[in-house]
**Q** 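Dumping the structure here so I can ask a few things about it.
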Amino acid sequence: MTRSHPHPHLLPHPSRRALLGGAALTAFALATGAGAGTANAATGTKTATTTGGAGAGGGTWPTEFPLPNGFLPEGIAIGRKPYAYMGSRANGAIYRTDLRTGEGGILFAGGTGLIAVGLKLDHDGLLYVAGNTGVARTHDSRTGEVVATHQLSEPTGHFINDVTLLGDRAWFTDSRAAALYGVPRGRTGTVKTLPLTGDWVQLPDVNNANGIVGTPDGRALIVVKSTPGELYNVNLRTGHATKITLVGATNVVNGDGLYRIGRTLYVVQNRLNLISVFHLDAKATTATLTGTITDPRFDVPTTAARFANRLYLVNARFTSPQTPETTFTGVAVPI
């Protein structure tokens, strides 16, 4: 893993959660030695070799784990317990991995015509899944059972791509339409459509809105526009989108998943095999680049989720053959 820190005085110091227990599923474990690193004081670049690592709860936890061949992963979600949930573009299946061992198994088998991309896990155990073809689903994270299906838009001409939890709603992006969709958290309620206005200009025939997170004050949403690589602050009440000024970076092209810790924003730039790290100002209208994270194990990572002092990502491998025999992995990097 390689870290570049152009502004060390702005680097975040995220807190660490205590790791909670749980049961392992089926598959094999990858567990190796702890990582080592070297720093080049002249360049300000930190390079680390990470093949394993000590989990915050004790013992050695793997930093890479397998997914089923042909799974076509894209989204990943982690809650309070050390389990990662990943969705399949192939058939909407959901795979769950125990982060302590790297062992996993299918939680939801999926089905014909189903897709699972962005995911978020709520504190009540409900898993919100972006389903691409105008659809969002809610699953029980313990059983995998589909609790609800929401038709957010027409099936064609839309790409329900990612989701975040803010306030009383799960907010979904649509990469092919200038709107966000708010699904009530829980099992009942009416879906809200929030058209994007203001600085937002929808581009034809490309992916626009992609990753999404709440602002530090919880009053707005941050959305990454993959093409041409921009960040926006979206008013939850009006849908007015204000383009966020980038400092130290020209753009965030290929921006995919977003993850935020306090005022530190992590932007996963998939085909660049890169995570750009930004410091947000108090109003989340300016984002200053504080560093980047790369890793030789990155193979088009799409989205990220956090547990303790690590970010976990799935390799979608968009530039590799997408066949039933294609191998896929999840990887972890320290933050």
**Q** Surrounding NZ of K192 (heavy atoms of other residues, nucleotides or ligands, distance under 6.0 Å), is the total greater than 12?
**A** yes
**Q** Does R219 CZ have over 12 foreign heavy atoms under 6.0 Å away?
**A** no
**Q** Just by distance, do the side chain of E154 and the backbone of T156 share a donor-acceptor pair under 3.5 Å?
**A**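 Flag not set: sc E154 to bb T156 has no pair under 3.5 Å.
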**Q** Can you tell me how far apart CG (L194) and OG1 (T238) are? Round to the nearest 0.5 Å.
**A** 7.0 Å
**Q** Which is it for I212 and L180 under the side-chain contact (heavy atoms from CB on, under 4.5 Å) test, yes or no, and what are the steps along the way?
**A** CA-CA 10 Å; I212 182 171; L180 304 177; 4.3 Å; yes
**Q** Is the side chain of R297 donor-acceptor paired with the backbone N or O of T63 at a distance under 3.5 Å, no angle test?
**A** yes
**Q** Just by distance, no angles: are the side chains of R96 and S141 close enough, under 3.5 Å, to form a donor-acceptor pair?
**A** no
**Q** Quick check for you: to the nearest 0.5 Å, what is the distance between E230 atom CD and T250 atom OG1?
**A** 12.0 Å
**Q** Decide yes or no on side chain to side chain donor-acceptor pair (under 3.5 Å) for Q269 and S276, but give the supporting numbers first.
**A** CA-CA 7 Å; Q269 293 173 259; S276 291; 2.5 Å; yes
**Q** Quick check: closest heavy atoms across F328 and N315, and the distance to 0.1 Å?
**A** CD2-O, 3.3 Å
**Q** If only atom types and distance count, is the side chain of H139 paired as donor or acceptor with the main-chain N or O of G144 below 3.5 Å?
**A**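 A pair under 3.5 Å: yes.
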**Q** For A179 and T193, which heavy atoms make the closest approach, and how far apart are they?
**A**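 Nearest heavy atoms, A179 then T193: CB-CG2, 4.2 Å.
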**Q** Could you give the distance from CG (D299) to OG1 (T329), rounded to the nearest 0.5 Å?
**A**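 Going from the CG atom of D299 to the OG1 atom of T329 covers 7.5 Å.
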**Q** For L196 and H240, what are the C-alpha separation, side-chain angles and deciding distance, and is it a side-chain contact (heavy atoms from CB on, under 4.5 Å)?
**A** CA-CA 6 Å; L196 295 173; H240 187 281; over 6 Å; no
**Q** List for me each residue that meets side-chain contact (heavy atoms from CB on, under 4.5 Å) alongside A209, sequence neighbours excluded, and say none if there are none.
**A**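 Partners of A209 by the side-chain contact (heavy atoms from CB on, under 4.5 Å) criterion, ordered by chain and then number, come out as T173, W200, V223.
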**Q** Quick one: pull up CG in D162 and CH2 in W171 and give me the separation to the nearest 0.5 Å.
**A** 14.5 Å
**Q** Any idea which heavy atoms bring G262 and P216 closest together, and the distance?
**A** O-CG, 3.5 Å
**Q** May I ask you to check if R176 and F159 form a cation-pi contact, with NZ or CZ under 6.0 angstrom from the six-membered ring centre and within 45° of the axis?
**A**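 The answer is no, since R176 fails at least one limit relative to F159.
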**Q** Look at D98 together with R100 and state whether they make a salt bridge at an N to O cut-off of under 4.0 Å.
**A** yes
**Q** Among side-chain atoms of E74 and T303, is any donor-acceptor pair under 3.5 angstrom?
**A** no
**Q** In the hydrophobic clustering (ILVMFWY, side-chain contacts below 4.5 Å, transitive), which residues join V253, or is it alone?
**A**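 Result for V253 is L272, L274.
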**Q** For P321, is there any backbone N or O sitting under 3.5 Å from a side-chain donor or acceptor partner on T326?
**A** yes
**Q** Taking all heavy atoms of A316 and all of P73, pick out the closest pair and write down the distance.
**A**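 The answer is CB-O, 3.4 Å.
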**Q** Nearest heavy-atom pair of Y128 and G186: which atoms, and what distance?
**A**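 Shortest heavy-atom separation between Y128 and G186 comes out as OH-N, 2.8 Å.
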**Q** Report the C-alpha separation of Y181 and D174 in whole Å, then their side-chain angles, then the decisive distance to 0.1 Å, and conclude whether the side chain to side chain donor-acceptor pair (under 3.5 Å) test is met.
**A** CA-CA 8 Å; Y181 308 95; D174 188 336; 3.0 Å; yes
**Q** For F278 and V252, run side-chain contact (heavy atoms from CB on, under 4.5 Å): C-alpha distance rounded to whole Å, both residues' side-chain angles, the deciding distance at 0.1 Å, then the answer.
**A** CA-CA 11 Å; F278 291 90; V252 286; 3.7 Å; yes
**Q** Taking T97 for its side chain and L99 for its backbone only, find out whether a donor-acceptor pair lies under 3.5 Å.
**A**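 No, T97 side chain to L99 backbone: no donor-acceptor pair under 3.5 Å.
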**Q** Do N270 side-chain atoms and T302 backbone N/O form a donor-acceptor pair below 3.5 Å?
**A** no
**Q** Between S226 and G255, which heavy-atom pair has the shortest distance, and what is it?
**A**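 Shortest heavy-atom contact: OG-O, 2.5 Å.
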**Q** Considering only distance and modelled atom types, tabulate donor-acceptor pairs under 3.5 Å from the side chains of residues 106-122, sequence neighbours left out.
**A**
from	atom 1	to	atom 2	distance (Å)
K120	NZ	V163	O	3.0
D122	OD1	R185	NH2	2.5
D122	OD2	R185	NE	2.9
D122	OD2	R185	NH2	3.3

**Q** Please report the interatomic distance CG(N251) to OG1(T227), rounded to the nearest 0.5 Å.
**A**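 That separation rounds to 10.0 Å.
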**Q** Kindly say whether G182 contributes a backbone atom to a donor-acceptor pair with the side chain of R169 at under 3.5 angstrom?
**A** yes
**Q** Hydrogens and angles aside, do N161 and N210 bring a side-chain donor and acceptor to less than 3.5 Å of each other?
**A** yes
**Q** Please round to the nearest 0.5 Å and tell me the distance separating atom CG of N233 and atom CD1 of I222.
**A**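 Nearest 0.5 Å value for the CG-CD1 distance: 6.5 Å.
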**Q** For the backbone of L280 and the side chain of R263, can you confirm whether one donor and one acceptor N or O come within less than 3.5 Å of each other?
**A**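 Such a contact is found between R263 side chain and L280 backbone.
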**Q** Tell me, with the steps shown, if K283 and D281 meet salt bridge (charged side-chain N to carboxylate O under 4.0 Å, His left out).
**A** CA-CA 6 Å; K283 295 183 178 180; D281 69 346; over 6 Å; no
**Q** Test L221 against every option in T215, L258, T164 by the side chain to side chain contact (heavy atoms under 4.5 Å, CB included) rule and name the one that passes.
**A** T164
**Q** Output, in order, the C-alpha distance, side-chain angles, deciding distance and verdict of side-chain contact (heavy atoms from CB on, under 4.5 Å) for H150 and R137.
**A** CA-CA 6 Å; H150 307 277; R137 298 193 307 276; over 6 Å; no
